[in-house]
Amino acid sequence: MAVDLAPAVTTPTPSRPTSKPTPRWRSREALTAWLFILPSLIGFLIFTAGPVVAAGVISLLNWNLFSSPTWAGLHNFARLGPDPTFWSALGNTVYFTLVSVPLTILVSLALALLLNQGVRRVAVFRSLLLLPYATITVAVAFVWIWLYIPHDGLVNAVLGWFGINGPAWLISDNWAMPALILMSVWKSFGFGMVVFLAGLQAIPQQLYEAGRVDGTSPWNSFRHITLPMLSPALFFVIVTSVIGSFQVFDQALIMTNGGPGTRTTTLVMYIYRTGFENYDQGYAAAQSLVLFAFIVVITAGQFLFQRRLVHYDN
Amino acid sequence: MSTMLSRRGFLGMTGFAGLGIAAAGTLAGCSSGPPPGAATWSMWSSSAAEKKVWDDFGKYVEQQLKVKSVASLTPSPSYPTKLDLQLVSGTASLVTALNGTLIPTYAARGAHRPLDDLIANDPDFTLDDFYKTSKSISSFNGKTYAIGFDVAPTVMYYNKDLLNKQGIPLPSPTEPMSWATFRDLCKQLTKPGQQYGFTCAPAIDDLVSWIYCAGGNVMSADSSRSTLGDPEAIEALQYVIDLFVKDQVTPPIKNLVTESSLSNFMQGNVAFMQNGPWQVVNARKAKFDWDIIPFPAGAAGSKPRVSGSSFAIPSGVREGAELDLAWKLIKTLTSTGALDIYAKAGRNNPARLSAGSAFQPPPDNLGIVQEILAGKLAGGHAFDVTTNWNQVKQLLGQDLPRTFLGQVSVPDAINGLTPRLDILMRQHLDTVRQATARKG
C-alpha cells in the first residue's frame, strides 16, 4: 500500500474580516523617525546630492559664471586627456594618499596601543594628542611654515643637533610633498587614535586571558586577537582617511600654493583654480566628477575587501 | 489645569520648534539687506586704517547724494571670490571696486557694463582729469569699463640710513640709475647673512617692471603670442634672477607663499626694495630713514609698471533709477573730494590729476610719483594684461619661482612655459572676439 507522504491540504476556514494592518513605514514610530531624519535628509539633498547632480549638468556646458552657458557635450571630459596639470595634480594626490594614509594609521595605532597599556590619566593624554586634529588647518599650516624655514626653522635646527643638514623643505622639488605629508600626519593622527582606542577598549579581556593560558606570545596575541577585533575600526579609519586624503586642499594651498612648480598641486586645488580663478566652471565640474568617480571606485574596492578582512562579532 | 507632557509629545514639540526656528531664520535671512534706494558699493579692506578711509568715503557719499551709503567691505584676499558670487547671484552692489588687472577679465565676460554712454550723456563728467594710464587700465576693447580711484608706478624704496652708514652717496631722485650701477650698489651693500642689497617678490607682478625697462613685454602687441622668450624679456629675467642666484644680494627665500619684500625691507638690513607708493603707509612704520627714487633704467629707459584700481558698475544694474544712482555713486566715489580723502590718508596716489597728493614726508621724494605718471620724469608703462590674466599669472607663478631658487635656468623655464602661454594667448584672443561679437 502506497503511503501518501504529501502534507494534508487543509481547506482554509473562512475568517472574520479584519482591518488591513498599517504598513510599517506608516506607523507612528516610523513617522516620528522620518520627522527627525528629515532635516538631515533635506540637508543632504540640497547640499550634497544637489551639487553632484548640478556638477554633472555643468560638466556638459561651457560656462564662465557671468555669461549664459553654452552646450559643450563631452568636450570638457576630452580636455582632461591632454592636460598635463590635471595628471600631475592627480599623481600628486595619489602620492599624498599612498604615503599619508598608511603613516597616519601606523602612528594612530601605535599611540592608541600605548595609551591602552593602563597609562594613568589617559584622558589627559588622549585630549592632548587630539589637539592637532581639533585645531583648524589654517592655523596649523602657518605654524608649520615657520617650523620648515630652511635656515632657522625648528625642524632643521633639530636635525642639525644630529649633524643632519636639513633640506629647504617647502621650496624643494623633492621635499615639498614629504613636508606636507609629515604635517598632515601630525594633524590627523588624533582622529584615528581615538577611534582605535575605543576599539581596543571594547575587546573582551577574556580573549587575551585565554591566549595567555595557551602561552600566546604578545606578537601573536596582537596578530590573532587585537587586529581581527580591531578590524572594523581599522576599516572605518582607512575608508575615511583615503576619502579625506583625496580631498587634500587647504594645507597645500597655504603652505606651498601648489609649488615649487606643480610638485604639490593637488586635484582639489586645481579644481578650485579652474572653477573660481580661471572661470572655467564646465571643466572644473568635469574634473570634480572624475575625482568623485575615483573616490567611489576606491571606496567600493575597499568594501569588497572588507568581506574578507574585517571581522565582525556577529 | 496642569497637563503632563509625554516623552513623545515633548519630542514632537521640539521637532516643530526646530522647524519653526529654521523657518524664522530663513525669513530673517531673506529680509536682511540694504534699504531700498541706498547707495551700495563694495570694496576690499584688510585693516582698521583702510576701514576708516572707506567709512569716510561713506560719509562723503551720504553728504553729496543725500542717500544712505552701504559699503560692503571684504578682506582683500577673498574679495574677488566674494565679488564673483555676488555678480553671479545678482546681489552685487551698485558699484564695485576692481583691481586693474581684473578689469579685462570681467569686461570680456560681460560681468560689468561699459560706461561710455553714461559718460557721453553727462555734461558734468569728463575723463580729462584722470591720468592717461588710469584710463588705459580701466578700458577694454576700446571701451571704458571703470573709473579709476588710484594709479601709481612701481618705484624703488631705499634705506637712507644703510647707505649713509656705508658712506655711499644717496641716489638721484630725478635721474634713474642704470642696471649696472644698481647691481654694483647691491653688491657693495651686501654682507651675506647680515645685510642685503635688494628685495622683490619672486613673481611676475614684480618682474614686469624690469621687462618693460628692457623693452620687452609678457605678450606681443596684438596679444597673439607670448614674448617672454624674446631677447629683451630674457635679458630682464636673467638680470633679476642673477641678483638672487648668482650675485646673492637678496635675502634668502624662505618659502614661496608668505614671502614679502616689504617685511624684508622693514627689518632694516635691506638697502633697496621695489614696490608701489601704496606701501608708503606701511613703510612709515620703519625705524629708519628711507625715501623713494625712480626705477632703475634698462635698455628702454625707466619704464616701470603702472597699476591701479577703479570702480565699475555690474551689468546687472540695467536702467532707470538704479542705473542713475549707480552712475552718481561712481562719480562721487571717484570725485576730487573723495580722492582727496584717500590721498590725505596716505593710501595711494589718486587717479585724478586734480586730487591733491597730501602725503606727508617721508618720503621726501613722493612728488616723483606724479611726475612719472605725467611723463615728466622717466615714464611708466601701463600693466598689460589679458582677459585670462589669472591663468597666465598662475602658470608663471608655477615655474618662474623655481628660477629664483636656482632649480631651473631662465631659458629652460621660459622654453617650458612658452607653448602653454601661447595657448592662453590664443584663448584670450578668442575671448576678445566673442566679447566683440556679443556687443554686435
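In what follows, chains carry the letters A, B, and so on, assigned in the order in which the sequence lines appear, proteins first and then strands, with residues in each chain numbered from 1. Side chains are part of it too, since the values below use all heavy atoms of this structure and drop only hydrogens, waters and symmetry mates.
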- Just give me the residue among B:Arg402, B:Arg420, B:Lys393 that pairs up with chain A most often, heavy atom to heavy atom, under 4.5 Å. B:Arg402
- Message: Using 0.5 Å steps for rounding, measure from the CZ atom of A:Arg273 to the CD atom of B:Gln394.
- Response: 5.0 Å
- Query: Between CG of B:Leu395 and OG1 of A:Thr262, what distance do you get to the nearest 0.5 Å?
  - Reply: 10.0 Å
- Message: For residues 168-187 of chain A, give me every residue with a non-hydrogen atom less than 4.5 Å from any non-hydrogen atom of chain B.
- Response: A:Ile171, A:Ser172, A:Asp173
- Note on the structure: Value for OG1 (A:Thr70) from CD (B:Gln434), rounded to nearest 0.5 Å, stands at 8.0 Å
- Toward chain A, the part of B:Thr431 with a non-hydrogen atom under 4.5 Å: neither
- Message: Could you work out, with side-chain hydrogen bond (donor to acceptor under 3.5 Å, both in side chains) as the rule, every residue matching B:Asn99, not counting sequence neighbours?
- Response: B:Thr101
- Item | From CG (A:Asn278) to CD (B:Gln391), nearest 0.5 Å | 3.5 Å
- Non-hydrogen atoms of B:Asp399 and A:Gly261 that approach each other most closely: OD1-CA, 3.8 Å
- Task: Take A:Thr85 and B:Gln398 through the test side chain to side chain contact (heavy atoms under 4.5 Å, CB included) and record every step on the way to the result.
- Result: CA-CA 11 Å; A:Thr85 313; B:Gln398 273 171 15; 4.2 Å; yes
- Note on the structure: Answer key: most heavy-atom pairs under 4.5 Å with chain A among B:Asp84, B:Asn388, B:Leu87 is B:Asp84
- Query: Who passes side-chain hydrogen bond (donor to acceptor under 3.5 Å, both in side chains) against A:Ser59, sequence neighbours left out?
  - Reply: none
- Task: Can you tell me which residue pairs pass the ring pair (Phe, Tyr, Trp, His ring centres under 6.0 Å) test with a partner in residues 251-273 of chain A, sequence neighbours excluded?
- Result: A:Phe249-A:Tyr272, A:Tyr272-A:Phe276
- Is it the side chain or the backbone of A:Tyr148 that comes within 4.5 Å of chain B heavy atoms, both, or neither? neither
- Which heavy atom in A:Phe66 sits nearest to a heavy atom in B:Arg109, and how many Å separate them? CB-O, 3.4 Å
